[in-house]
Amino acid sequence: MITEKEIFENLLPLNSDGLPDSFVAASVKINEKGVAYHAGIVIKHGGISYLFHYTGEDVLIEESPNGDYYFHKDFIFIKGPITASFLAHCHLIKENAVPEYNYFYSGSYYDTNGRYFSNIDMPECMTCVGFCINVIKGYIEEDEYFQFSDWTKESAESVEFLNRHIQRLLVKHPTADVNLLIDNMRRICPDEYLASAFLYKLPITKTKVDQIIENIRMVLISKLN
Amino acid sequence: MHNNITMSENKLELKVIKDSDDSDIDLNNLSLDAAKSFLILFDSLTKIVELTPNNEGVTLQIISGSAVAVANGTASQIESVETCFDEIVNHVSTDKEIVSKWRAIQELVCKNGLQYEINIYKDSEKRPIFQTIKSAKQFRVKSNRIRPDITLKFLTGKLIEVGGKKPNIHLLDLDNNRFTINCDHANAKRANKYLYSDINVSVWFKNKEGSRAKYDFCDVYHSNEVYNDFSEFMIDYYNDFDEISALKKLHYKCKFFIDNNDFIHLNKFIRLFNHDANDLNELKTILVITKAFKEQEHIKLIRERIKFLFDQKLLIHHLNNLISF
């Protein structure tokens with residue numbers, strides 16, 4: 001199992017020198033306490049880094065982004081000279097996003113009814129983590145990325161993160177049913193999403209994430225310095 | 001008679017002229033925005049000079065009045081800078097680092113509300129380039145999309161012979177060129193039905209220097225419409241030197257068939273990519289767009305073949321990495 005030292009060595013700041021020329025990585029932004037509060041995907045292709053993320057307002061592809069407080073780990077299960085196709089995947093999602101709604105992307109270009117994602121008019125509400133998870137899920141061949149059923153409503157660590165996001169959504173959709181929002185939310189924290197990049201086998205289960213999450217949290221705090 | 005000895009001016013000049021509230025820029029009294037903008041201009045200018053070869057003796061200047069950053073050099077040094085700039089504007093530059101410096105300038109002048117002027121002076125002749133920068137597509141390095149030495153070709157002609165111990169079919173095109181196309185037994189038998197008829201086929205064409213051209217059968221098209229459609233798509237696709245743009249075209253083409261519920265033609269389209277000549281990104285793009293239709297009867301099998309090809313190529317890539325390590 002991966003050690004704290006290995007995590008520390010592989011969790012790198014966004015604009016590190018000496019990074020490989022191409023990769024796809026999970027990325028989180030940490031706050032002043034060293035806690036991850038935002039999630040994104042970093043793609044390095046042709047020597048240029050791109051940060052792909054959902055800000056709660058917009059889906060952005062940022063080229064050579066400002067890397068302050070961002071750390072990333074390349075996905076073990078997305079390797080090889082395929083960054084062009086991943087970047088194209090991101091561009092296609094961004095291009096076809098429905099901007100006036102809270103952004104959604106169901107994790108596949110086509111839903112179970114064969115409708116292309118930008119044609120679906122009842123979007124599910126999504127967090128920045130949920131967005132990243134769906135982008136990855138749509139790209140990989142496996143049917144599942146995170147084993148969602150492992151994460152229940154009672155996941156205590158996530159409450160603060162969830163509440164913050166619900167507040168933001170209610171500003172945009174004041175009449176939304178809060179219970180429905182909570183039900184539909186992916187209750188996975190940014191640091192749990194980051195943990196998945198250290199794991200080999202899919203689907204990602206809560207058991208496997210729990211084995212390494214404390215070390216990951218400690219490493220993130222230590223990276224503040 | 002005038003006897004002025006005027007020094008020939010050769011320089012690249014970047015100016016911040018007005019602030020976002022339309023007030024004049026004064027180097028002794030810059031707003032925060034103006035200062036940040038000027039810094040970016042001066043930093044980019046310095047780095048551009050640094051990255052330009054034969055830059056000994058180039059000097060940099062900051063001039064007040066507006067806020068002006070200047071790089072002064074000889075005519076040939078500024079010519080160098082200008083040539084490089086034109087390459088970047090025409091998207092043919094492959095120099096990552098210098099492109100990113102010019103892109104930083106482009107991003108700055110396009111986004112904030114300040115007014116700028118950017119000029120190149122060669123032998124004292126002023127060439128303004130601000131509008132060029134502002135209206136150009138985002139500066140990026142030319143994508144090195146290398147075509148493999150095996151490409152798809154579309155042929156129309158009369159089928160004049162089928163058979164051989166190693167099966168092949170012979171086609172005579174409209175210019176009386178004869179093509180020998182290798183295929184398997186099943187396809188040779190299918191082709192036999194069309195003996196002495198006109199057919200439309202796609203083939204993989206290997207053109208190695210010094211050896212005879214080799215053609216491998218891909219598919220046959222009963223409909224001229226489909227044949228022309230695929231043929232036109234592939235021309236456009238091959239000619240797109242931007243890798244990302246090409247992959248998006250591939251996605252949208254597949255999407256078109258899916259949205260029309262036309263999985264039969266999607267099958268035929270995907271067959272065009274069922275060859276080792278296609279790179280991992282192309283194969284993956286097809287797998288991703290068709291993921292929701294893994295079990296669809298018309299594409300299930302061809303998709304599995306594409307997946308097999310993808311997995312195999314990826315494995316070989318990883319093995320090669322291990323060996324070279």
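Not measured: the values here are computed from a predicted model. Residue numbers start from 1 in every chain, and the chains themselves are labelled A, B, ... in the order their sequence lines are given, proteins ahead of strands.
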When the 4.5 angstrom heavy-atom criterion is applied to A/Tyr110 and chain B, the contacting part is both

In terms of heavy-atom proximity below 4.5 Å to chain B, should A/Glu141 be classed as side chain, backbone, both, or neither?
-> both

Rounded distance (nearest 0.5 Å) linking atom [atom1] of [X] with atom [atom2] of [Y]:
{"X": "B/Lys255", "Y": "A/Leu92", "atom1": "NZ", "atom2": "CG", "result": "10.0 Å"}
{"X": "B/His317", "Y": "A/Ile82", "atom1": "NE2", "atom2": "CD1", "result": "9.0 Å"}
{"X": "B/Lys284", "Y": "A/Ile78", "atom1": "NZ", "atom2": "CD1", "result": "8.0 Å"}
{"X": "B/Glu107", "Y": "A/Glu63", "atom1": "CD", "atom2": "CD", "result": "6.5 Å"}
{"X": "B/Thr285", "Y": "A/Tyr139", "atom1": "OG1", "atom2": "OH", "result": "7.0 Å"}
{"X": "A/His91", "Y": "B/His251", "atom1": "NE2", "atom2": "NE2", "result": "13.0 Å"}

Tell me whether [X] at atom [atom1] has more than 12 heavy atoms from other residues, nucleotides or ligands lying less than 6.0 Å away.
{"X": "B/Glu97", "atom1": "CD", "answer": "no"}
{"X": "B/Lys294", "atom1": "NZ", "answer": "yes"}
{"X": "B/Tyr116", "atom1": "OH", "answer": "yes"}
{"X": "B/Phe308", "atom1": "CZ", "answer": "no"}

Which region of B/Leu314, side chain (C-beta onward) or backbone (N, CA, C, O), has a non-hydrogen atom less than 4.5 Å from a non-hydrogen atom of chain A, or is it both or neither?
-> side chain

Honestly, the part of B/Asp279 sitting under 4.5 Å from a heavy atom of chain A is neither

Heavy-atom closest contact (B/Leu247 atom, A/Ala88 atom, distance) | CB-CB, 3.9 Å

Option that, when pairs with chain B are counted at under 4.5 Å, heavy atom only, ranks first among A/Gly80, A/Gly46, A/Pro81, A/Ser64 | A/Pro81

Distance-only, no hydrogens or angles: does the B/Lys291 side chain make a donor-acceptor pair with backbone N or O of A/Ile140 under 3.5 Å?
-> yes

Using the side chain to side chain contact (heavy atoms under 4.5 Å, CB included) rule, take A/Lys79 and B/His318 through it: C-alpha gap first, then chi angles, then the decisive distance, then the call.
-> CA-CA 9 Å; A/Lys79 290 257 198 207; B/His318 288 318; 4.0 Å; yes

